[in-house]
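Here it is: the structure, laid out below.
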Amino acid sequence: MAAPPPRFPPDLLPVSLSGPFPPRPAAATRWRRCRVSAAGRQGDRGPRPAPLPLTALCLCLCPAVPLKDMKLLDVKLGQLPTWLAMRDFTPGGIGGALRRGYERYYNKYINVRKGGLGGISMVLAGYVVISYMWSYSHLKHDRRRKYH
Amino acid sequence: MNLSFFDQFSSPNLLGIPLILLSLLFPTLLFPSPNNRWINNRLSTIQTWLLHLITKQLMVPLNKNGHKWAMMFTSLMVMLLTINLLGLLPYTFTPTTQLSMNMALAFPLWLATLLTGLRNQPSASLAHLLPEGTPTPLIPALILIETTSLLIRPLALGVRLTANLTAGHLLIQLISTASIALMPTLPAVSILTMIILLLLTILEVAVAMIQAYVFVLLLSLYLQENI
């Protein structure tokens with residue numbers, strides 16, 4: 001009896017937690033037979049081929065999504081310039097990206113059952129840091145020195 | 001020692017791009033739009049409670065026509081409150097320390113209340129220029145005085161907000177500079193100054209909230225007279 005094909009759990013992202021936008025299609029990682037193991041089976045046309053030993057199965061993860069829709073952390077370093085060129089830099093695209101980022105932060109830290117001070121404190125701390133960066137050229141003259 | 005204590009009020013620029021717009025838009029990030037859930041997250045609940053409190057407080061003295069100004073007043077109040085309180089964080093810029101911005105808020109809104117009154121009930125609006133029970137010889141002088149006080153209202157509104165916030169920020173900077181300067185030589189006096197600084201900061205938080213409230217309250221009072 002051939003070993004049943006390995007089963008993998010479906011993508012576990014619940015739709016309700018994804019915010020007002022429909023969930024991005026997840027990078028479906030389908031297990032594929034490697035070419036090495038498939039080459040030996042091409043000629044088999046007759047009755048059921050002999051089951052391959054487990055060691056002969058090449059388990060290579062070949063993601064089936066096009067480069068355009070891949071998430072940044074899945075992109076290989078060599079593909080990065082191509083990926084960047086394929087991103088949507090129109091005003092609508094940038095607005096969409098900002099909104100997605102905002103929704104991600106909001107749903108993770110603020111729109112939760114028992115949110116605390118941390119969610120908004122991080123935003124305020126980021127604002128303080130950005131204000132410091134903006135006004136640095138003014139502030140660098142305020143150092144404690146004997147002679148200014 | 002700071003080169004100039006007024007540097008904190010200069011409008012921030014990054015490579016020539018004025019950043020006051022981003023300082024004005026940042027409060028919008030802090031107020032998420034309420035969703036249609038029965039029980040919201042804690043931040044939305046607190047903000048909704050605050051909005052209801054503000055709106056009730058401002059709209060109770062006004063008649064039905066005045067309730068059309070509810071969104072204007074409430075959003076103005078929330079904006080001023082947030083901007084003033086955010087300005088108390090270190091290194092941040094407070095747009096309401098700029099007289100130009102406060103006059104831009106005060107003047108059109110005061111003018112709107114005045115024109116509403118002159119348009120809908122002109123004689124009643126003009127009658128406000130002479131309080132009841134004035135002795136007859138005083139009437140001309142009093143009309144002049146009341147007209148002046150009417151015309152100076154937008155100036156007073158704008159300058160009050162600017163002066164309070166600017167003075168507060170300046171005081172904080174002065175006292176903290178004094179505290180740091182005294183630390184090597186007279187540490188005890190420095191600690192006393194730091195206690196004063198703590199009390200002043202608490203006062204500034206109160207002033208930030210009170211000034212926002214006073215601005216909007218006065219506008220609603222001017223509206224009450226005219227609507």
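Remember, predicted model here, so these are calculated numbers, not experimental data. A, B, ... follow the sequence lines: proteins, then strands. Residue 1 opens every chain.
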Report which part of A:Y106 has an atom under 4.5 Å of a heavy atom belonging to chain B: side chain, backbone, both, or neither. side chain
What distance separates A:L124 CG from B:L89 CG, expressed to the nearest 0.5 Å? 5.5 Å
Nearest heavy-atom approach of A:S131 to B:Y91 is CB-O, 3.1 Å
Where does the angle between the aromatic ring planes of B:F26 and A:Y127 fall among parallel (under 30°), tilted (30 to 60°) and perpendicular (over 60°)? parallel
Segment of B:I39 engaging chain A (4.5 angstrom heavy-atom cut-off): neither
Less than 4.5 Å to any heavy atom of chain B: does that hold for the side chain of A:V112, its backbone, both, or neither? backbone
For A:L117, does the CG atom have more than 12 heavy-atom neighbours from other residues, nucleotides or ligands under 6.0 Å away? no
Over all heavy atoms of both residues, which pair between B:R42 and A:R113 is shortest? Give the atoms and the distance, please. NE-O, 4.1 Å
Any chance NE2 of B:H52 has more than 12 other-residue heavy atoms, nucleotides or ligands included, within less than 6.0 Å? no
Engaged part of A:I110 at the chain B interface, taking heavy atoms whose separation is under 4.5 Å: both
Quick one: do A:I130 and B:L22 satisfy side-chain contact (heavy atoms from CB on, under 4.5 Å)? Show the steps, please. CA-CA 11 Å; A:I130 286 185; B:L22 287 168; over 6 Å; no
Do other residues, nucleotides or ligands put more than 12 heavy atoms under 6.0 Å from the CD atom of B:Q47? yes
Tell me, for B:N40 versus chain A, whether the close heavy atoms (under 4.5 Å) come from the side chain, the backbone, both or neither. neither
Atom CD1 of residue position B:I152 - does it have more than 12 heavy atoms of other residues, nucleotides or ligands inside 6.0 Å? no
Honestly, the part of B:S23 sitting under 4.5 Å from a heavy atom of chain A is both
